[in-house]
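Bear in mind that the values here come from a model prediction, so they are computed numbers and not experimental data.
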Amino acid sequence: MSASPPPSPSPRRPRSQRARPLSRIGRSMPGRAGRPARQGRAGHLIGAYGLLTLTGLLFLIFSLALPRTFPTAATVDSILSNQSIPAVLALAAMVPVVTGAFDLSIGYGLGLAHVMVMQLIVNVGWPWPLACLVVIVGGAVVGVLNGVIVVFGRIDSFIATLGTGSMMYAATGWITDGGRIVPGAQGLPAAFTDVYDSTLLGLPVPAFYVLALTVALWLVLERLPLGRYLYVIGSNRRAADLIGIPTPRYTVYAFTASGLIVGFAGVLLAAQQQIGNPSVGLDYLLPAFVGALLGATAITPGRPNALGTVVAVAVLAVGLTGIGQMGADFWTVPLFHGATLLLAVGLAGYAARRRLRVGAVSARDASAGPPERPSPPGQDGGREGGAGAQRIEGPEGAGGTAP
């Protein structure tokens, strides 16, 4: 009795006609795969350097509109000198924003700091270096107090710093008795006024203060673990706690750095104004936050950074200088600042959302893994048909079993 012949194997389709998974089809089309990557790179370049390009375009437009007054060395010196204090204060506002907090007391602190410098030099008679050092250290102490109130008092930074700022404004009024501190006939020491009025390499020396502070903050935030911890706290405070970052301590550090920078800005303001005006600091609050928030859309879009803040201040400086030389009314300055602030908040939110989307797409592509390599022809039948469909070759090479 002969054994029944085994069932003949099902015919296999040619390799070119076999269905492939959609993921492998997508990977096999280099044109479509490269297009999103190119678009992502183009979008990153526009987001990173668009604000810097806008600064150049504004300068070019105003130079063509005002060829006799705008593109001059005097205009450049005026921008570098007059915008140094707003730039320093914007950098002070940027540091707490990195951690997701806001320090609304910087304008009040600026007014108190410059009044204290004038009070100690003019009325108390301290040497100006000692007065400046005490004010800068006092600014750091105020920053520590702000951080402690926010962290350990569990009060929202917006409300807490608004309250402490109001108290500083009251202290400023108490020191000055509502009036101005004016030097006597001998004036202020020449060495003190040179802190702001002198030049270096043909440029105003306050521009070099801004440059040095920007480089220092960039190194701390971008190259040191301290800066990375601050960014993690600002991105996800809960995740920072889970991975062991002491968020209360580093939040206090951020407010301390902000207060220290505000104290330094107060010294510059006193050397510039050369009088103690109790209400002058509030005028710098809105431009500082415009620069800090608008700077989050430049250089590294989606997160506050020192270089982007300086670029944002440059955009504001060029725009305001050009508008002023064209004879605009006084109310255009607050209008420009308010509109720019709304634009800055909107662009910063968009940049942050886009950064999250790009990160999610990158993580999804990384988890998909590399495409599967095609198997050799000899192994394909075994993988497709399974062990039960394995073909047994007879002695003569035909399908069947040996007798």
For the student: nearest non-hydrogen atoms of [X] and [Y], plus distance:
X	Y	value
V313	G291	CG2-CA, 4.4 Å
F152	P248	CZ-CB, 4.4 Å
P287	D283	CD-O, 3.4 Å
P278	Y169	O-CE1, 3.7 Å
F289	F102	CE2-CD2, 3.6 Å

Problem set entry | Trace of the side-chain contact (heavy atoms from CB on, under 4.5 Å) decision for D103 with I106 | CA-CA 6 Å; D103 188 357; I106 58 174; 3.7 Å; yes

Distance-only donor-acceptor hits, side chain of residues 122-134, under 3.5 Å, sequence neighbours excluded:
from : atom 1 : to   : atom 2 : distance (Å)
N123 : ND2    : Q119 : OE1    : 2.7

Tell me whether [X] contacts the main-chain N or O of [Y] through its side chain, where contact means a donor paired with an acceptor under 3.5 Å.
X	Y	answer
S166	G163	no
Y231	P304	yes
D177	G179	no
H114	G276	no
T309	N305	yes
T172	M168	yes
R303	G234	no
D194	D197	no

Could you tell me whether the side chain of [Y] reaches within less than 4.5 Å of the side chain of [X], counting heavy atoms only?
X	Y	value
V205	Y209	yes
L110	L269	yes
P206	Q272	no
V195	L268	yes
W218	R223	yes
F192	I121	yes
L230	T251	no
Y250	T99	no

As an exercise, state the distance from [atom1] of [X] to [atom2] of [Y], rounded to the nearest 0.5 Å.
X	Y	atom1	atom2	result
L145	M167	CG	CE	9.5 Å
I181	N277	CD1	CG	10.0 Å
S198	F208	OG	CZ	10.0 Å
T199	L203	OG1	CG	8.5 Å
L66	S63	CG	OG	8.5 Å
L64	F59	CG	CZ	10.5 Å

Exercise. T161 and N146: side chain to side chain donor-acceptor pair (under 3.5 Å), yes or no, with the steps?
Worked result: CA-CA 6 Å; T161 56; N146 280 334; over 6 Å; no

For this session: Verify side-chain contact (heavy atoms from CB on, under 4.5 Å) between L219 and L224, making sure each step is shown before the conclusion.
Result: CA-CA 7 Å; L219 289 175; L224 295 182; 5.7 Å; no

Just distance, no hydrogens or angles: give the donor-acceptor pairs under 3.5 Å from side chains in residues 72-96, sequence neighbours left out.
from : atom 1 : to   : atom 2 : distance (Å)
T72  : OG1    : T69  : O      : 3.1
T72  : OG1    : T75  : N      : 3.3
T72  : OG1    : T75  : OG1    : 3.0
T75  : OG1    : T69  : O      : 2.8
T75  : OG1    : F70  : O      : 3.1
T75  : OG1    : Q325 : NE2    : 3.3
S78  : OG     : N82  : ND2    : 2.9
S81  : OG     : Y196 : OH     : 3.3
N82  : ND2    : S78  : O      : 3.3
S84  : OG     : S81  : O      : 2.8

Exercise. Stepwise, does the side-chain contact (heavy atoms from CB on, under 4.5 Å) test hold for M118 with L188?
Worked result: CA-CA 9 Å; M118 297 300 298; L188 295 172; 3.9 Å; yes

For this session: Determine, step by step, whether I243 and V232 satisfy the side-chain contact (heavy atoms from CB on, under 4.5 Å) criterion, reporting the C-alpha distance in whole Å, the side-chain angles of both residues, the deciding distance to 0.1 Å, and the verdict.
Result: CA-CA 10 Å; I243 63 178; V232 172; 4.2 Å; yes

Exercise. Does atom CZ of R180 have more than 12 heavy-atom neighbours, drawn from other residues, nucleotides or ligands, at distances under 6.0 Å?
Worked result: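 No.
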
Exercise. Ring centres of Y229 and Y253 under 6.0 Å apart?
Worked result: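 No, the ring of Y229 stays outside the 6.0 Å limit from the ring of Y253, centre to centre.
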
